[in-house]
S.K.: 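My structure is below; once you've seen it, I'll send some questions.
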Amino acid sequence: MKLAVVGAAVLWGTAGTAGLLAAGVHPVSLAAARLVVGGLVLAAVAGPAVRSLPHRGLLVAAALAVAAYQLCFFGAVSRTGVAVGTVVAIGSGPVFAGLLTWLLDRVRPTRRWVGATAAAVAGCAVLTGGGGEVRADGVLLAMLGGLLYAFYVVAAARVIGAGGSSDTVMGAMFGGAAVVMLPVLLWTGAGWLAEPRGLLTALYLGCVTTALSYVMYGRGLRTTPVATAATLSLAEPAVAALLGVAVLGERLTLQAGAGLVLLGASLAVVALPERRRPGHEDPVGAIGSSA
């Protein structure tokens with residue numbers, strides 16, 4: 001089911017290009033609308049089954065983390081720039097996911113996962129460039145965003161592993177996050193949703209890049225180790241870069257091209273199943289191994 005995780009990342013990668021259709025809309029308002037629409041759709045799909053999920057307290061915390069991630073991400077970008085904020089937030093997510101899985105489940109990372117994840121984060125950094133002022137407060141906010149992302153992914157995997165339906169788990173998490181983000185949407189202004197282009201953008205971002213993508217991601221978590229899934233989600237900036245070239249007419253520099261190749265190769269290494277000899281144990285552990 002790693003293909004489902006990659007498919008989710010591909011959909012996430014289209015969000016930036018789609019968001020350009022709603023010109024002049026504040027990014028926080030756009031993100032809030034995306035989460036409100038997507039969360040309501042996921043909650044509607046889950047329905048009353050949410051009440052029977054195990055670990056409901058953990059799901060409440062995960063829903064708050066989903067909402068807080070958005071605020072941390074945009075706070076980081078406003079302080080230290082899009083490139084640095086994005087690289088730190090997205091790049092630290094898989095690292096924190098691996099650490100949380102190690103601490104909570106006592107499952108240590110394999111050497112291959114560590115190497116490939118480090119290379120993927122480096123490729124992401126090269127791909128997006130180094131623009132922006134590196135400010136400590138912005139970097140810390142971006143790292144907090146990465147930690148929040150890792151937390152809600154690990155929480156979702158735990159509830160799914162305890163017998164919860166992946167679709168229902170995502171509905172509970174994102175439905176709760178939608179409730180939290182609704183006041184943010186109203187506060188930042190929702191008048192742009194009355195315009196056809198704005199409404200269509202919000203519907204695409206909510207229904208496709210949030211609801212559909214997280215249904216796919218949740219189903220991928222049924223059989224894919226959570227740290228591996230978090231690393232595979234780094235396909236998102238690669239898709240965004242390719243769409244920038246194909247749709248927006250942007251130029252792919254030699255540096256960005258090298259980053260794209262490094263990122264793609266690293267993700268391919270993560271996606272391949274581990275080959276272990278009978279009776280052989282990797283001394284570093286098992287995060288990132290094939291399920």
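For this chain, numbers begin at 1 and follow the sequence in order.
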S.K.: Out of curiosity, does Val169 fall in the hydrophobic cluster containing Val45 (side-chain heavy atoms, cut-off under 4.5 Å, transitive links)?
M.R.: no

S.K.: Looking at residues at least two apart in the chain, or sitting in another chain, which of them share a ring pair (Phe, Tyr, Trp, His ring centres under 6.0 Å) with Tyr149?
M.R.: Tyr152

S.K.: For Ser266, check side-chain hydrogen bond (donor to acceptor under 3.5 Å, both in side chains) against everything at least two apart and list the hits.
M.R.: none

S.K.: What ring pair (Phe, Tyr, Trp, His ring centres under 6.0 Å) pairs are there with at least one residue in residues 11-30, not counting sequence neighbours?
M.R.: Trp12-Tyr214, Trp12-Tyr217

S.K.: Quick one: does Thr86's side chain get under 4.5 Å of Pro237's, heavy atoms only?
M.R.: no

S.K.: May I ask you to decide if Arg197's main-chain N or O and Thr201's side chain share a donor-acceptor pair within less than 3.5 Å?
M.R.: yes

S.K.: Which atom names give the shortest non-hydrogen contact between Val153 and Val226, and what distance separates them?
M.R.: CG1-CG2, 3.2 Å

S.K.: Just wondering, are more than 12 heavy atoms of other shown residues or ligands nearer than 6.0 Å to CG in Leu254?
M.R.: no

S.K.: Going by the rule side chain to side chain contact (heavy atoms under 4.5 Å, CB included), which residues pair with Ala241 if we only count those two or more places apart in sequence or in a different chain?
M.R.: Leu127

S.K.: Taking it one step at a time, do Arg112 and Leu272 satisfy side-chain contact (heavy atoms from CB on, under 4.5 Å)?
M.R.: CA-CA 10 Å; Arg112 191 179 78 171; Leu272 290 174; 4.1 Å; yes

S.K.: Could you state whether Val87 and Leu267 fall into the same hydrophobic cluster, counting links through intermediate Ile, Leu, Val, Met, Phe, Trp or Tyr residues with side-chain heavy atoms under 4.5 angstrom apart?
M.R.: no

S.K.: For a quick test of reading the model, state the closest non-hydrogen atom pair linking Ser92 to Gly146 and the distance between them.
M.R.: OG-CA, 3.4 Å

S.K.: Answer with yes or no whether the hydrophobic clustering places Leu104 together with Val60; edges join I, L, V, M, F, W, Y residues whose side-chain heavy atoms lie under 4.5 Å apart.
M.R.: no

S.K.: Let me have the donor-acceptor pairs involving side chains of residues 174-181, under 3.5 Å, with sequence neighbours excluded, atom names and distances please.
M.R.:
none

S.K.: Identify which one of Leu42, Val37, Leu212 satisfies the side-chain contact (heavy atoms from CB on, under 4.5 Å) criterion when paired with Cys207.
M.R.: Val37

S.K.: Which pairs pass salt bridge (charged side-chain N to carboxylate O under 4.0 Å, His left out) with one or both residues in residues 207-228, sequence neighbours excluded?
M.R.: Asp167-Arg219

S.K.: Taking all heavy atoms of Ala172 and all of Ala63, pick out the closest pair and write down the distance.
M.R.: O-CB, 4.4 Å

S.K.: When rounded to the nearest 0.5 angstrom, what distance separates CG in Leu193 from CG in Leu185?
M.R.: 6.0 Å

S.K.: Just grab all the ring pair (Phe, Tyr, Trp, His ring centres under 6.0 Å) pairs involving residues 43-90, residues at least two apart or on different chains.
M.R.: none

S.K.: Applying side-chain contact (heavy atoms from CB on, under 4.5 Å), run through Lys2 and Leu232 and close with a yes or a no.
M.R.: CA-CA 8 Å; Lys2 290 177 182 177; Leu232 290 175; 4.0 Å; yes

S.K.: Taking atom CG of Leu144 and atom CG of Leu71, what is their separation to the nearest 0.5 Å?
M.R.: 10.5 Å

S.K.: Taking side chain to side chain donor-acceptor pair (under 3.5 Å) as the cut-off, I'd like each qualifying pair that reaches into residues 34-46, sequence neighbours left out, listed once.
M.R.: Arg34-Thr209, Arg34-Thr210

S.K.: Val184 and Val66: same hydrophobic cluster, using ILVMFWY side-chain contacts below 4.5 Å?
M.R.: yes

S.K.: Nearest heavy-atom pair of Phe96 and Ala150: which atoms, and what distance?
M.R.: CB-CB, 3.5 Å

S.K.: For a side-chain contact (heavy atoms from CB on, under 4.5 Å) check, start with the C-alpha distance between Val215 and Met170, then their side-chain angles and the critical distance, and finish with the verdict.
M.R.: CA-CA 7 Å; Val215 165; Met170 293 301 169; 5.7 Å; no

S.K.: Are Val121 and Val126 co-members of a hydrophobic cluster defined by side-chain heavy atoms under 4.5 Å apart?
M.R.: no

S.K.: Check whether Ser52 reaches the backbone of Ala49 with its side chain - one donor and one acceptor, N or O, closer than 3.5 Å.
M.R.: yes

S.K.: Just checking, is any N or O donor in the side chain of Trp113 or Thr231 under 3.5 Å from an acceptor N or O on the other one?
M.R.: yes

S.K.: Hey, what do you get for CG (Leu100) to CZ (Arg158), rounding to the nearest 0.5 Å?
M.R.: 9.5 Å

S.K.: Test of understanding: with salt bridge (Lys or Arg N to Asp or Glu O under 4.0 Å), list the residues that count as partners of Asp137, not counting sequence neighbours.
M.R.: Arg79, Arg135

S.K.: Could you tell me which non-hydrogen atom of Leu53 sits nearest to which non-hydrogen atom of Ser165, and how far apart they are?
M.R.: CD2-N, 4.2 Å

S.K.: Using every non-hydrogen atom in the two residues, find where Gln70 and Ala31 come nearest and quote the distance to one decimal.
M.R.: OE1-CB, 3.4 Å

S.K.: Passes side-chain contact (heavy atoms from CB on, under 4.5 Å), Leu148 versus Cys72? Steps please.
M.R.: CA-CA 9 Å; Leu148 288 167; Cys72 286; 3.8 Å; yes

S.K.: Is the backbone of Thr224 close enough, under 3.5 Å, to the side chain of Thr228 for a donor and an acceptor to pair up by distance?
M.R.: no

S.K.: Taking the side chain as C-beta and beyond, is there a heavy-atom pair between Leu11 and Met216 under 4.5 Å?
M.R.: yes

S.K.: Using modelled atom types and a 3.5 Å cut-off, is there a donor and acceptor pairing between side-chain atoms of Thr188 and backbone atoms of Val28?
M.R.: no

S.K.: Enumerate the residue pairs fulfilling ring pair (Phe, Tyr, Trp, His ring centres under 6.0 Å) with a member in residues 235-271, sequence neighbours excluded, ordered by first and then second residue.
M.R.: none

S.K.: Under 3.5 Å, which donor-acceptor pairs do the side chains of residues 15-24 form with other protein atoms, sequence neighbours left out?
M.R.:
none

S.K.: So for atom CG, which belongs to Leu186, do other residues, nucleotides or ligands contribute more than 12 heavy atoms lying within a distance under 6.0 Å?
M.R.: yes

S.K.: Would you mind listing every ring pair (Phe, Tyr, Trp, His ring centres under 6.0 Å) that reaches into residues 180-208, with sequence neighbours excluded?
M.R.: none

